[in-house]
2 protein chains.
Amino acid sequence: MTYKADKAIAEFVEQMGLILQAEGLPRIAGHIMGLMIMQEGPFSLSQLAERLSVSRASISTNTRLLEDLEVIVRTAKPGDRQDYFKLSPQPYARMLRGVVRRMRRARDVVESTRDSLPEGMTDTHERLKELDAFYEALIESFMDVIDTWDAERERPARQARHGERPSA
Amino acid sequence: MTYKADKAIAEFVEQMGLILQAEGLPRIAGHIMGLMIMQEGPFSLSQLAERLSVSRASISTNTRLLEDLEVIVRTAKPGDRQDYFKLSPQPYARMLRGVVRRMRRARDVVESTRDSLPEGMTDTHERLKELDAFYEALIESFMDVIDTWDAERERPARQARHGERPSA
DNA sequence: TCGTACGTTCAGTATTGACTGAACAAACTG
DNA sequence: CAGTTTGTTCAGTCAATACTGAACGTACGA
């Protein structure tokens with residue numbers, strides 16, 4: 001019944017490509033992430049290139065991107081010169097941190113605009129304050145989700161921790 | 001001191017263009033939104049085109065886009081055949097609803113993949129469950145923010161409600 | 001009914017950026 | 001040392017899409 005598994009993997013990889021693309025990331029980054037969710041890995045750069053049928057150059061740039069986003073980590077196997085990649089622990093929470101950073105920048109724009117506003121534009125001031133408050137609420141809400149996830153991680157685990165190869 | 005105001009408006013319009021663009025929307029949509037935050041309006045299609053120095057065609061498509069996102073509303077002035085546009089009440093909360101919709105679709109992908117998974121891939125199943133839970137938490141968190149904003153609106157106001165011109 | 005103003009849509013253009021292949025640098029193997 | 005393997009980077013290509021100008025349909029006014 002490996003056929004069903006392969007089909008499910010292929011479809012999910014494709015879909016994650018589209019989902020990540022909708023978030024403004026390269027499609028291949030989504031493919032990599034999707035594959036790693038479906039199969040634990042770790043995968044070498046060449047393995048990823050072959051598995052996803054894309055150039056090693058693309059894999060290189062996209063793994064670096066995902067590494068910057070802290071979604072994946074680069075690991076090494078003893079006695080092997082290749083770099084290996086796998087999902088980092090709590091990859092989604094880490095990714096969310098990046099979103100929060102972007103949102104803080106947007107909020108900063110709003111605030112600096114508000115500060116540079118001449119007197120008398122009280123109505124504009126009010127609208128900017130509303131937008132500022134909205135960003136604030138959103139950021140705080142995100143942080144809550146992240147914290148919850150991190151707390152989950154702290155609990156040292158009644159099950160095996162993610163990211164450990166099973167001995168079998 | 002109108003110079004300072006104009007400069008602040010121009011800069012904010014530009015920045016909102018970049019911010020919206022980073023969210024995957026057309027830059028001009030950001031310009032429109034930015035202008036409407038800085039100046040209450042309402043603006044006619046032609047006014048927007050001239051004010052932002054872009055074609056009326058672009059304004060037409062982008063106002064329709066923002067209208068679909070429920071960020072702006074189309075209004076009419078008695079005795080004037082032109083369409084006028086202004087920010088809708090709670091524009092940001094409404095925009096957030098769209099994000100939630102997108103996220104629900106992503107979550108659906110995860111769930112349907114999980115359902116179509118053959119027996120034995122317990123590890124994969126686990127990771128998909130984690131992603132599913134993450135989406136769930138995020139969606140719920142968003143909904144909270146939206147509800148808070150809506151509740152704020154319900155309260156008929158100790159202050160002037162947004163979107164109403166103050167008499168002063 | 002003709003003329004005008006308005007908004008939409010469509011074909012074409014330009015820009016952005018994802019992806020590739022090739023050249024390259026560094027680290028290992030013989 | 002020469003030869004391989006591995007990852008990165010860069011120039012070039014291709015596809016997606018934002019934006020424009022023009023043509024169109026519609027509704028209003030004389």
Side-chain angles (χ1 to χ4, degrees), chain A residues 13-36 41-69 71-86 102, chain B residues 13-36 41-69 71-86 102:
Chain A
V13 165
E14 193 54 47
Q15 288 296 318
M16 280 297 285
L18 297 177
I19 291 173
L20 271 275
Q21 192 175 39
E23 303 294 333
L25 294 174
R27 191 187 310 172
I28 291 189
H31 290 169
I32 294 173
M33 198 171 162
L35 176 60
M36 287 183 170
F43 299 93
S44 74
L45 193 147
S46 299
Q47 281 176 333
L48 288 172
E50 190 184 5
R51 188 74 169 73
L52 301 174
S53 308
V54 293
S55 70
R56 292 169 62 248
S58 271
I59 300 294
S60 174
T61 58
N62 279 283
T63 46
R64 273 165 52 84
L65 170 63
L66 290 174
E67 206 182 359
D68 285 348
L69 296 176
V71 172
I72 67 176
V73 291
R74 192 180 297 249
T75 67
K77 281 189 180 177
D80 191 335
R81 281 166 54 204
Q82 292 179 91
D83 292 358
Y84 283 81
F85 302 92
K86 63 177 179 186
R102 214 171 57 217
Chain B
V13 165
E14 192 54 48
Q15 288 296 318
M16 280 297 284
L18 297 178
I19 291 173
L20 271 275
Q21 192 175 40
E23 303 294 332
L25 295 173
R27 192 186 310 173
I28 291 190
H31 290 168
I32 294 173
M33 196 171 164
L35 175 61
M36 288 183 168
F43 298 93
S44 74
L45 194 146
S46 300
Q47 282 176 332
L48 288 172
E50 191 185 3
R51 188 73 168 73
L52 301 174
S53 307
V54 293
S55 71
R56 291 169 63 248
S58 270
I59 299 294
S60 174
T61 58
N62 279 283
T63 46
R64 273 165 51 85
L65 169 63
L66 290 174
E67 207 181 359
D68 285 348
L69 296 176
V71 172
I72 68 177
V73 290
R74 192 179 298 248
T75 68
K77 281 189 178 176
D80 190 335
R81 281 166 53 201
Q82 292 180 90
D83 292 359
Y84 282 81
F85 303 92
K86 64 176 180 187
R102 217 171 54 217

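Below, chains carry the letters A, B, ... as their sequence lines are ordered, and counting in each starts from 1. What you see is a predicted model, and the numbers here were worked out from it, not measured in a lab.
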query: Is the phosphate of dC19(C), meaning OP1 or OP2, less than 4.0 Å from a side-chain N or O of S58(A)?
result: no
query: Atom CD1 of I28(B) to atom C1' of dT20(D): distance rounded to whole Å?
result: 10 Å
message: What is the separation between atom CG on D83(B) and atom C1' on dA5(C), rounded to the nearest whole Å?
response: 12 Å
message: Is S60(A) close enough to dG7(D) that one of its side-chain N or O atoms is under 4.0 Å from OP1 or OP2 there?
response: no
- line: Rounded to whole Å, CD of Q47(B) lies from P of dC6(C) at a distance of 11 Å
message: Does T61(A) reach a base, just sugar-phosphate, or nothing at all? Heavy atoms under 4.0 Å.
response: base
R81(A) CZ to dG3(D) P, straight-line distance once rounded to whole Å: 16 Å
- request: Can you figure out which of dT6(D), dC6(C), dT20(D) approaches the side chain of A57(B) most closely?
  value: dT20(D)
- request: Answer yes or no: does a side-chain N or O of S55(B) lie under 4.0 Å from OP1 or OP2 of dC19(D)?
  value: no
- line: D80(A) CG to dA27(C) P, in whole Å, measures 17 Å
- prompt: Got H31(A) and L35(A) here, is their nearest side-chain heavy-atom distance under 4.5 Å?
  reply: no
- request: Assign I59(A) to base, sugar-phosphate, or nothing according to its heavy-atom contacts below 4.0 angstrom with the strands shown.
  value: nothing
Closest approach of L65(B) to A29(B) (non-hydrogen atoms, all atoms of both residues): CD2-CB, 4.5 Å
query: How long is the line joining NE2 of H31(A) and P of dA18(C), in whole Å?
result: 14 Å
- prompt: Using a cut-off of less than 4.0 Å, is there contact between a side-chain N or O of R27(A) and OP1 or OP2 of dA15(D)?
  reply: no
- request: Look at R74(B) and dT8(C) and indicate whether a side-chain polar atom (N or O) is within less than 4.0 Å of OP1 or OP2.
  value: yes
For the student: nearest non-hydrogen atoms of S44(B) and Y84(B), plus distance: N-CD2, 3.4 Å
- prompt: Could you state the CG-P distance from L45(A) to dT20(C), rounded to the nearest angstrom?
  reply: 12 Å
message: For T75(B) versus F85(B), what's the shortest heavy-atom pair and its separation?
response: OG1-N, 4.5 Å
task: Would you indicate, yes or no, if dT9(C) has its OP1 or OP2 atom less than 4.0 angstrom from a side-chain nitrogen or oxygen of R64(B)?
output: yes
task: Let me know the distance between CG of N62(A) and P of dG17(C), rounded to the nearest Å.
output: 15 Å
message: I need the minimum non-hydrogen distance between A49(B) and R56(B), along with the two atoms involved.
response: CB-CG, 3.6 Å
